[in-house]
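See structure below.
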Amino acid sequence: MAASAPGRARRGWRRARAAGSPLSPAAVVLLLSASAVLAPPSVGDLLRLPRGFRYTQDSAKIVGSPGFPVKVYVLLHRKSPHVLCVTQQLRNSELVDPSFQWHGPKGKIVSENSTTQITSTGSLVFQNFEESMSGVYTCFLQYKPTVEAVVRNLPLKYVIYAYREPHSYYQFTARYHAAPCNSIYNISFEKKLLQILSKLVLDLSCEVSLLKSECHRVKMQRAGLQNELFFTFSVSSVDTDKGPKPCTGHNCESSKRLAKAKNLIERFFNQQVEVVGRRAESLPEIYHIEGTLQMVWINRCFPGFGINVLKHPKCPECCGRPRQPSSITSHD
C-alpha cells in the first residue's frame, strides 16, 4: 500500500499498513542512517536539570541552635562548609573574649590537625571529608555579652553526615512497528539502533545502554494484530578524562553533557518520523511509532547509600548511609 499524504496523521500508518515481504537488513540500515544524518552535530543548552539543596559551596556557613542538633551534609572527598560555633542571634551580636573548643567522635579537635581546621573565629572546616569523619560534633562556646557581664557557656551540637551525589541519567522508552517477533531483522535493527545512538552522544562523553528489548503482538482497533518492539535504554555520562578527547571548561559538567545528549536523541527520533512521513513508496517493515518516545530523569544511589527525604529534608537528593553517623537520641 502506498504511503499516505504527509499531512495525514502518522498514527494511521499502523492501521493502513498492508501485509508485505519483510524489508531487507540493508533497507533498515538505510532508514536509520538517514535519520542519523539529519541530527545536528551540536545543540545549545536545554532546561536546567533539577538540583537538590547543597551545603558544599565554600561560601556556605552553618550556624548552631541551642535547642537541637543541627544537621550538616558534606560531600565525600570535598571541602566542607564552615560550621560556626555561634547561633544566628549571637552571629549578629558582639562577643567579648570568646573562646571555642570543639569535640568530635574521637575527642577534642585541635586546629593543627591536617584534615580539620578551626579558624580564629571558631569555625570548623574539613579539608577532605571522609566517611569516617561523620558523627556528632559539639562546640563549647564561652563568651561575655558585655565587659561587665559574667562568662556564659553555650554548647552547640551538630550531626555531620557524609554523602555522595547520586548517579543520574535519562531513561528512554520507545516503540517500533516491527517484523514478526521471531524475525532476524528485529535483532539486526536493535544492534544498528544502539550503534547509531551510541555514536550520536560519543563526543559528549556519554554512553547508551540497552536496559530491555521486547517484541509483542498488539491488537489495534480496526487494524488487527501488529508486531511491535518495546525498547528501554539509558543515557548516562562517563568520566571525561577517560575519553579520547579530554574535556575542559564549564561545558564538561555532567548535567550539561547529559542535557545535550537528551536533546540529540529526541531530535533523532523526531527526524525518523519526518523521514518516514516524506516517503512516497510503501512503508518500511520497521519504523518508529510517533508519540511513543518517553523520557524520565533518574537519580540512583550507589550500593550502601540511599536517599531519605523525610530524614534529610534539607538535602533531598543526597545519597547517605542509612544508619546514623554516631549515636544521638534526641531531636534527630
Side-chain angles (χ1 to χ4, degrees), residues 49-65 68-88 91 100-141 155-168 237-242 250 252-255 299-332:
L49 298 178
R51 291 182 179 274
F53 187 87
R54 288 291 184 267
Y55 275 132
T56 55
Q57 297 180 357
D58 290 342
S59 59
K61 296 182 179 180
I62 301 172
V63 297
S65 171
F68 57 88
V70 174
K71 294 181 180 181
V72 183
Y73 303 90
V74 183
L75 186 62
L76 277 174
H77 312 303
R78 298 290 181 86
K79 183 178 179 180
S80 75
H82 286 237
V83 183
L84 277 58
C85 188
V86 289
T87 63
Q88 185 62 46
R91 186 182 181 187
F100 315 91
Q101 187 177 104
W102 280 93
H103 288 258
K106 299 180 181 180
K108 184 178 179 180
I109 302 174
V110 295
S111 58
E112 291 77 14
N113 192 300
S114 60
T115 59
T116 308
Q117 175 190 1
I118 299 177
T119 68
S120 59
T121 56
S123 297
L124 179 66
V125 183
F126 297 95
Q127 300 300 324
N128 183 22
F129 198 78
E130 302 290 342
E131 188 176 352
S132 60
M133 299 177 184
S134 299
V136 178
Y137 288 77
T138 304
C139 179
F140 297 93
L141 169 62
L156 297 173
K157 187 170 291 186
Y158 302 83
V159 186
I160 301 182
Y161 295 87
Y163 78 92
R164 299 184 65 171
E165 289 185 332
H167 172 54
S168 303
S237 64
V238 297
D239 294 338
T240 54
D241 56 355
K242 294 182 179 179
H250 68 281
C252 295
E253 184 180 340
S254 175
S255 61
N299 286 335
R300 180 167 294 173
C301 295
F302 290 89
F305 291 78
I307 294 176
N308 191 328
V309 179
L310 295 178
K311 184 177 179 181
H312 304 295
K314 291 186 177 180
C315 200
E317 293 182 8
C318 292
C319 291
R321 291 291 188 186
R323 62 178 178 82
Q324 287 290 98
S326 184
S327 60
I328 183 169
T329 58
S330 63
H331 300 94
D332 185 36

Under the side-chain contact (heavy atoms from CB on, under 4.5 Å) test, residues paired with C139 that sit two or more places apart | C85, F100, W102
Of all heavy-atom pairs between A60 and P81, which one has the smallest distance, and what is that distance?
-> O-CB, 3.5 Å
If you look at every heavy atom in N128 and H77, which pair is closest and at what distance?
-> OD1-CA, 3.0 Å
Residues T138 and K157: closest non-hydrogen pair is OG1-CE, 3.8 Å
Taking the side chain as every heavy atom from C-beta outward, state whether T116 and L124 have any pair of such atoms under 4.5 Å apart.
-> yes
Please test Y73 against H312 for side chain to side chain donor-acceptor pair (under 3.5 Å), starting from the C-alpha separation and ending with a verdict.
-> CA-CA 9 Å; Y73 303 90; H312 304 295; 2.7 Å; yes
Mind jotting down which residue pairs meet the ring-ring contact (aromatic ring centres under 6.0 Å, His included) criterion with at least one end in residues 106-126? Sequence neighbours excluded, please.
-> F126-F129, F126-Y137
Who passes side chain to side chain donor-acceptor pair (under 3.5 Å) against H167, sequence neighbours left out?
-> none
Those residues that, when tested against S65, pass side chain to side chain donor-acceptor pair (under 3.5 Å) (two or more places apart) | none
Validation row: Y163, L75 side chains within 4.5 angstrom (heavy atoms) = yes
Quick one: list whatever passes side-chain contact (heavy atoms from CB on, under 4.5 Å) with L156, sequence neighbours left out.
-> T87, L154, Y158
Exercise: identify the closest heavy-atom pair between R91 and V63 = CD-CG1, 3.9 Å
Where H82 and S123 come nearest, the two heavy atoms and their spacing | ND1-CB, 4.0 Å
H103 to I109 - nearest heavy-atom pair and separation | C-CD1, 4.3 Å
Ignoring hydrogens and angles, tell me if any N or O in the side chain of S134 forms a donor-acceptor pair with the backbone of A162 under 3.5 Å.
-> yes
Just jot down the side chain to side chain donor-acceptor pair (under 3.5 Å) partners of Q88, sequence neighbours excluded, or say none.
-> none
Using side chain to side chain donor-acceptor pair (under 3.5 Å) as the criterion, list what pairs up with S132, not counting sequence neighbours.
-> none
For S168, check side-chain contact (heavy atoms from CB on, under 4.5 Å) against everything at least two apart and list the hits.
-> P166, W297, N299
Could you give the distance from CD (Q117) to NZ (K79), rounded to the nearest 0.5 Å?
-> 7.0 Å
Qualifying residues under side-chain contact (heavy atoms from CB on, under 4.5 Å), relative to K106, sequence neighbours excluded = none
